[in-house]
Amino acid sequence: MSIYDTLNEQQKQGVFTVDGPVLLLAGAGSGKTRVLTHRIAYLIDEFGVQPWNIMAITFTNKAAGEMRERVNSIIGHGAEQVWVSTFHSTCVRILRRYIDRLGFDNNFTIYDTDDQKTVMKDICKRLQIDTKMLKERTLLSAISSAKDELISPVDYQLQAMGDYNKAKIAGVYHEYQAVLRKNNALDFDDLIVKAVELFKACPEVLESYQDRFRYIMVDEYQDTNTAQFELIRLLADKYRNLCVVGDDDQSIYKFRGANIRNILDFEKVYAEATVIKLEQNYRSSQNVLDAANAVIRNNVSRKDKALWTRKGEGSRIHFRQFDTAFEEAEYICDDVAKKKREGMSSYGECAILYRTNAQSRMLEERFVVQGIPYDVVGGTNFYSRREIKDMLAYLKTIDNGRDDVAVKRIINVPKRGIGATTIVRVQEYADMRNISFYDALREADQIMTIGKSAAKLAPFVTMIQTFRSKLEYYSLEELMKDVIETTGYVKELEESDDEDAEDRINNIDELISKIVSYQETHEEPNLSEFLEEVALVADIDRIEDDGNRVLLMTLHSAKGLEFPHVYLAGMEDGVFPSYMTITSDNPEDIEEERRLAYVGITRAKEDLTITYAKQRMLRGETQYNPISRFVKEIPEQLLDSRLPSVRSRDYTEYEEDSYERSHFKAKPFGMSYMSQYGAGTAEKSGDKEVSYRRTEAEQSVFSREGASGGYQRIFDKGVSAQSVKSKPKAIAVPKRTPAENRPFIAGGAAGSLSGVSGLSKGAPEAGTLNYGVGDRVRHIKYGEGTVTKMEKGPRDYQVTVVFDEAGQKIMYAAFAKLKKL
DNA sequence: TCCCACTTGGTTTTT
DNA sequence: CCAAGTGGGA
């Protein structure tokens, strides 16, 4: 009897095939972690591989921790010498040793998104970028995408030939990298990029790591991006013992640069690769699995596979709908309580999953009211709270004076009477002398332009220098407490009447306990290492698992986890799938969203509850969304309640009890748009915001009047959106048919949509189109034109029109609402 | 320089 | 809804 006897045939193959490249296609719940851990055990115990020659890479620290624990439990000794780590920590470890070869200091700092934004803002100001045209966010995400693809600023510039915007971005990218280098800082993406650069620039370094990591395993391979793949490829290039494990159906990080081709084309890169499919699911009941399979089947680009289970049918999937998100939260919370009463052993068996972090709020409130222990994964990161960032900025400044961002953050916190003007002057001096901001501070008395303000800078510098000298004999805890004491930071909070001052103080206390626990768990605690650990924690890493808390998290965070009871909340088109993906013209986006649904469903072992709220407040506006298309893709016999079937033209009394505000910019003039209230067109309103209000009821009424493209009304310009109040009234309106029910998009941003985007599933019957090729038509936005082509798509007609003014446009008939002339 | 009140713009998911 | 930005007054 060996530990391998419990594995099925495919799993055994995955464990025993240790030579050469291996692609393990592991469906949800098919025991891939088991295969990986047993494989490590096999390599060590049966194959005589030294533990330190094995590397296992995961995406989160939590996954790494779990893997380590499981390896420990099946192999007695040496397990701790297996390198189990995340991509980012791996790179940091390598870079801490060798990045000086790329001209950085080995004690570089790691910039988080906030720091990146600060840098970018500064650059935009200096380069006089019009941030109305090119937003900082856009710039940063362009740079991030470039890095994911290993495109350097120079490459970017070359690719930008002739493209004005791209060329501009290239310039910013270049400058951004220069600033980071000057500050001795790397952003998240750089960690990977620089490691690759290092390996390419220093073959001897690469080779030492190749010899070290003779057997490499990569978990969640479907989420790797091009840069990460290159890193792995380089490391594995000498011995080619590379085992990657993944599931193309669970690829949900395209927005982060994940390249699904990495998994789909693995066999092309490694022609000799062994491909093993794990298709038996050990996690979920038949019903859950059937539902998941039914949903994912709607994706076109995927490797074909058939997940099956020996588990019983299980209960049907619970589907519940509610009028409001409040009632939804109430139900979920009550249901959890009920399960506990009826014998569920701990709250930790339940997880509530949702699409966006914002959705946690209402659920949390209910859990608080009911007194049920819960934990929210993610949301506002502990380490991105203001007070924590301030404290860390002090530590960073003490650790690495070249980090200008950190220095500037704290130079006037608490207030020292050092204002923006002074900071600009110091920066100018620093630029002139080509030194860091902090070094400029040290020479403050040399800076002519700041005059008497120099006197205020000296104490700050002295303070930092003192901290540095104390670092010799201080523990980190002592240092932190000294910083708090000397700066008077907490004291200031205590004296302030700010209502969340108390929270902030508590957070600082929590930071201190984190420092203490860091010191306790590390042999040689040091400041740089602590800051680095802090920089690399993922939200999921931070959940303190006492096993008796309901977990609330996004679907993304839930990947890799499983629970006996899972709730998928907010299953509404516009929420999930998000309206971003619904309105996207890239069909791949909705597929990624569907994979997310697949991930969500397959988290459940036996009990899955799907909830829907007809009405939901999101971003300060009430939305009315139809049931998620993903729910509709689940065969009805798997659900325990039927989807509502609304008969068309079923008139009902509609009580309008709340008028909600919806504002949009009325430019460009004449633009058609969708809001949650239906389709509409902007009318002239001056250049100010106009207030647009309409109830669902009115929408129906007016579309019956046959206004093409909807109906328009502008309220008095002078009246601000918030102040308009209308009297509720009841109107008889037709209920929506399911088809009509679909094209609902959130308000706000959706105001900028031209009604043309492919939202429509509401296929018009061929006979209802009264125009054809050659006819003259009018479009609400583009004016008059001639129909040149009509093509029947799966859902709708695609109409090509050459407009007199706007040129050729291709649009869906249901949306274009063309009028024959 | 600081502080307040008010306006404005932005909103998915995350290592 | 919320965070960041603006502008006036102390």
Kindly say if [X] contacts the phosphate of [N], meaning a side-chain N or O under 4.0 Å from OP1 or OP2.
X	N	value
A:Thr422	B:dT1	yes
A:Thr356	B:dT11	no
A:Arg361	C:dC2	yes
A:Asn357	B:dT13	yes

So, is the end of the A:Arg261 side chain (NZ or CZ) under 6.0 Å from the ring centre of A:Phe229 and within 45° of the ring's axis? no
So is A:Arg256 actually on top of A:Tyr253's ring, under 6.0 Å and inside 45° of the axis? yes
Separation of [N] [atom2] from [X] [atom1] (nearest whole Å):
X	N	atom1	atom2	value
A:Ile582	B:dT12	CD1	C1'	12 Å
A:Glu492	B:dC3	CD	P	8 Å
A:Asn225	B:dT14	CG	P	17 Å
A:Arg595	B:dT13	CZ	C1'	13 Å
A:Met553	B:dT13	CE	P	15 Å
A:Phe229	B:dT15	CZ	P	23 Å
A:Phe255	B:dT11	CZ	C1'	15 Å
A:Arg137	C:dA4	CZ	P	14 Å

Contacts of A:Tyr354 meeting ring-ring contact (aromatic ring centres under 6.0 Å, His included) (sequence neighbours excluded), chain-then-number -> none
Need one value for [X]: base, sugar-phosphate or nothing, where a base atom within 4.0 Å counts as base even if backbone is also close, heavy atoms only.
X	result
A:Asn412	sugar-phosphate
A:Phe59	sugar-phosphate
A:Thr554	sugar-phosphate
A:Ser89	nothing
A:Lys121	sugar-phosphate
A:Tyr253	sugar-phosphate

For [X] and [Y], does a side-chain donor sit closer than 3.5 Å to a side-chain acceptor?
X	Y	result
A:Gln116	A:Tyr111	no
A:Asp187	A:Tyr176	yes
A:Thr226	A:Glu149	yes

Donor-acceptor contacts under 3.5 Å from residues 405-414 of chain A side chains, at least two apart:
| residue | atom | partner | partner atom | Å |
| --- | --- | --- | --- | --- |
| A:Lys408 | NZ | A:Gln427 | OE1 | 2.8 |
| A:Arg409 | NE | A:Asp390 | OD1 | 2.7 |
| A:Arg409 | NH2 | A:Arg386 | O | 3.4 |
| A:Arg409 | NH2 | A:Asp390 | OD1 | 3.2 |
| A:Asn412 | OD1 | A:Arg416 | N | 2.6 |
| A:Asn412 | OD1 | A:Gly417 | N | 3.2 |
| A:Asn412 | OD1 | A:Ile418 | N | 3.2 |
| A:Asn412 | ND2 | A:Ile418 | O | 3.0 |

At a cut-off of 3.5 Å, list every protein nitrogen or oxygen paired with a nitrogen or oxygen from nucleotides 7-10 of chain C, distance to 0.1 Å.
none

Can you work out whether A:Arg416 or A:Thr86 has the more 5'-proximal nearest nucleotide on DNA chain B? A:Arg416
Decide yes or no, distance alone: a donor-acceptor N/O pair under 3.5 angstrom between the base of B:dT15 and the side-chain of A:Arg256. no
Can a donor-acceptor pair be found, under 3.5 Å and without considering hydrogens, that links the side chain of A:Glu592 to the backbone of A:Lys254? yes
